[in-house]
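Quick one: this structure, given as structure tokens, is what I'll be asking you about.
Just follow the structure's listing: the first ligand is 1, and inside any ligand the first atom is 1.
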Amino acid sequence: MAVTALCQGEGCRTGHTGGRARRRTTDGSRLCRSCAEHLTAGLAELAHLYEECGRVLGGAAPGSLRERTSGGELPGLPFNGAAADVRARMVSVLGSWSGLVAQERGLTPPPRTVAALTAFLGRNAAWLAAHAAAGEASGEIARLVRAGRRAAFPDPARSIRLGDCPESGCSGALTLAVRAGARADAPAIVCAADAAHRWTSDQWSALSRSMDSAREGGAPAAAATERWLTAADIAQLWQTPTGTVYRLASEGRWRRRNRAGRTYYNESDVRDCFARRAAART
Ligand SMILES: [Zn+2]
Ligand SMILES: [Zn+2]
């Protein structure tokens, strides 16, 4: 007689099954067929994501901040930190599950590389799916995959090109590195050509004005670059709660545009608004 139970897998637990109740399992497994397949697929994907995160770190990721950055380590940049962190977590989490499988099954543990660990766990996936900790394994692997995707393929909107570096003789591009929970004095605006050219977010208003005047004075052929920022970017650049940003956007009728489901505000409208507010306070 086949023993059936409710699936403990990540897909069933988080309702990723299209609103249905948890599926039933059979044959002693603690995961339904769909969650078991996700576990196996997740392991295979992790091997790729580990490599992709390595490319982000090594500088080969197209469009990444790192690629266009020369010089030494830049502390606090979101993509590098996330990619390094998620790679370390992959080794740690996969190593821990491999250790459990190896010990309980009397197998030789694989080398602690993500390729070897994911291959080993993939070969033992059916055994793991029947283990008392199958639900935890399913959840941890799914979270690793999500974190790996975010780190390997960072949202390009999070690295916003602000314009050309205003340092004399520098032709680098300035990028806003948005980091959740960043301190006000953390470098948030970095030049792609010279790591020493960096500004904190509270210097942005002055910097932005000097970029505009440099453009008007020096290079008449250069078209004015319109900059567009999300509410989160604005909150970070002007150290203002996001709720206030939305209120000001609506009151001030900032020009806006939508791209990929996100709203972006015209940076010069934003800057004018904050300049007026600063002037009103003095
Ligand atoms: Zn399931
Ligand atoms: Zn520069």
If you have a sec, read the angle at the Zn ion (ligand 1) from Cys35 atom SG over to Cys32 atom SG, to 10 degrees.
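So the angle at the metal works out to 110°.
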Only one of Ser34, Ser138, Cys35 passes side chain to side chain contact (heavy atoms under 4.5 Å, CB included) with Cys12; say which it is.
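One option only clears the test, and that one is Cys35.
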Do Glu104 and Trp127 meet the criterion of a side-chain donor-acceptor pair at a distance under 3.5 Å?
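The answer is no; no qualifying pair exists.
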With respect to the Zn ion (ligand 1), please indicate if His38 possesses an N, O or S atom at a distance under 2.8 Å.
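Here the distance criterion (N, O or S atom, under 2.8 Å) is not met by His38, so no.
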Does Ala5 offer a backbone N or O that forms a donor-acceptor pair with the side chain of Thr25 under 3.5 Å?
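Yes.
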Please calculate the SG(Cys7)-the Zn ion (ligand 1)-SG(Cys12) angle and round it to 10 degrees.
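The two atoms form an angle at the metal of about 110°.
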Go through it in stages, so that I can follow the logic: the residues are Asp85 and Arg89, the test is salt bridge (charged side-chain N to carboxylate O under 4.0 Å, His left out), and I'd like the CA-CA distance, side-chain angles, deciding distance and then a yes or no.
CA-CA 6 Å; Asp85 174 65; Arg89 243 185 313 149; 3.1 Å; yes
Which atom name does His197 have for its N/O/S atom nearest to the Zn ion (ligand 2)?
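Looking only at N, O and S atoms of His197, the one nearest the Zn ion (ligand 2) is named ND1.
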